[in-house]
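Whatever order the structure lists them in is the order used to number ligands and atoms, beginning at 1.
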Amino acid sequence: MNSITLARPDDWHLHLRDGDALASALPHSARRFARAIVMPNLKPPVTSVEAARAYRSRITAALAAAIASGELPAGARFEPLMTLYLTDRTSPREIALAKSSGFVHAVKYYPAGATTHSEAGVSALEHALPALEAMQRHDLPLLIHGEVTDPAVDVFDRERVCVETLVAHIVERFPDLRVVLEHASTREAVAFVAAARPRVAATLTAHHLLYNRGALFQGGLRPHYYCLPVLKREPHRRALVAAATGGSPRFFLGTDSAPHPRGLKENACGCAGCFTAHAALELYAEAFDAAGALERLEGFASHHGPDFYGLPRNKDTVTLVRERWAAPDELPFGGETLVPLRSAEDLLWRMV
Ligand code: DOR
Ligand code: ZN
């Protein structure tokens, strides 16, 4: 197969940032995806429906500006699906408001300290119980960054331990709650999701499907491959590929594209996050092609996500062709630049 056409996909996990950075990041996603679940880990975090409403209008303004400047074609459409950032103090009332807003589609659980801008996250599950109960009642999905923060737990084990403890506990305690384990990176995580009760799913990133932890140390320290959850050993990567290409509706596309300026990545204490939005679909196509499973890409990228979220599938299509191209070495990012994933190496699929 040298060409593949699929229903337009959506990105069920995306970091768009804010301000000038948002203006730079947004067009890459809007060219490929119809909708995206937008992560709320701004500074300050998006903890209220009012803050989500304001952020949403900044995103739609950035979209209009990109169209006006010719960066995106006239008529380009992209719908930001907003999320709230769960804290120790998120009230059941805020959850009810979120549900009735029509534009907040999920709530994100960051264990406090687990990753970038997660300091305001949940310090202990007990504090979040009233909000979780309200989410179950209003049928608002919970998105979990599944890593424990205990420094005694090895960084490569943090997801597995979180799945065995926090995630398993939430799934059992709230039997009707829709739960997405975000950016699953281990075989234990995908095995858990595959065997879980209904209404439990996981997103998978392109970088976790394409790389194992060796990429972090290939000939030297490679900060642009550093993200959280960190890349794992090869058997884990293979388990993720098997989950993504297996046809199960529990697994769907979520890039976790997370831009940081070059200087904060190439740094003595570099930030976590891989920017993949410039070639997101192309990278997934490469991973599915390598597994001999291109015919499964459409379900993963375009059907399973909207089905889980109870939204209509997109009606238009996108086409990818097998064709080498080189991504730029760097891209503008607000007043700075960022280094996209795979900048040093050709991509194998191109979107037409
Ligand atoms: O690598 C990551 N980057 N993981 C996250 O969970 C957050 C993200 C970010 O916001 O930069
Ligand atoms: Zn993320």
Exercise. Quick one: look up the protein heavy atom nearest atom 5 (C) of ligand 1 and list residue, atom name and how far away it is.
Key: T115 OG1, 3.0 Å

Quiz item: Under 4.0 Å between a Lys/Arg side-chain N and an Asp/Glu carboxylate O for R342 and E286?
Solution: yes

Quiz item: Going by the order shown, which atoms of ligand 1 are within less than 4.0 Å of some heavy atom of A258?
Solution: 3 (N), 8 (C), 9 (C), 11 (O)

Quiz prompt | H304 side chain vs R250 backbone, donor-acceptor pair below 3.5 Å | solution = no

Quiz item: For residues H145 and E182, is any side-chain donor paired with an opposing acceptor at under 3.5 Å?
Solution: no

Quiz item: Does R17 come within less than 4.0 Å of ligand 1, judged by its heavy atoms?
Solution: yes

Quiz item: Under the 3.5 angstrom rule, does the side chain of T165 hit a backbone N or O of V161 as a donor-acceptor pair?
Solution: yes

Exercise. In sequence, state the C-alpha distance, the side-chain angles, and the governing distance for R32 and H278, and then conclude on side chain to side chain donor-acceptor pair (under 3.5 Å).
Key: CA-CA 9 Å; R32 290 167 178 79; H278 67 299; over 6 Å; no

Quiz item: In terms of the angle between their ring planes, are F300 and F288 parallel, tilted or perpendicular, with boundaries placed at 30° and 60°?
Solution: tilted

Quiz item: Going by the atom numbers of ligand 1, which of them fall below 4.0 Å from some non-hydrogen atom of C227?
Solution: 1 (O)

Quiz item: Rounded to 10°, how big is the angle at the Zn ion (ligand 2) from D256 OD1 to H15 NE2?
Solution: 90°

Quiz item: Looking at ligand 1, does H260 have a heavy atom less than 4.0 Å from it?
Solution: yes

Quiz prompt | For ligand 1, the portion of M39 having any non-hydrogen atom under 4.0 Å away | solution = neither

Practice problem: Measure from the Zn ion (ligand 2) to each N, O or S atom of H145 and report whether any distance is below 2.8 Å. | Solution: no

Practice problem: Could you tell me the residue and atom name of the protein heavy atom closest to atom 4 (N) of ligand 1, and the distance to it rounded to 0.1 Å? | Solution: L228 O, 2.8 Å

Practice problem: May I ask you to list the atoms of ligand 1 that are less than 4.0 angstrom from any heavy atom of N41? | Solution: 9 (C), 10 (O)

Quiz item: If we ignore angles and hydrogens, is there a donor and acceptor under 3.5 Å between the side chains of Y211 and R222?
Solution: no

Quiz prompt | Part of H145 with heavy atoms under 4.0 Å of ligand 1, whether side chain, backbone, both or neither | solution = side chain

Practice problem: Distance to 0.1 Å, residue and atom name: give those for the protein heavy atom nearest to atom 3 (N) of ligand 1. | Solution: A272 O, 3.0 Å

Self-check item: Trace of the salt bridge (Lys or Arg N to Asp or Glu O under 4.0 Å) decision for E330 with R262
Solution: CA-CA 9 Å; E330 59 178 12; R262 181 192 274 271; 3.1 Å; yes

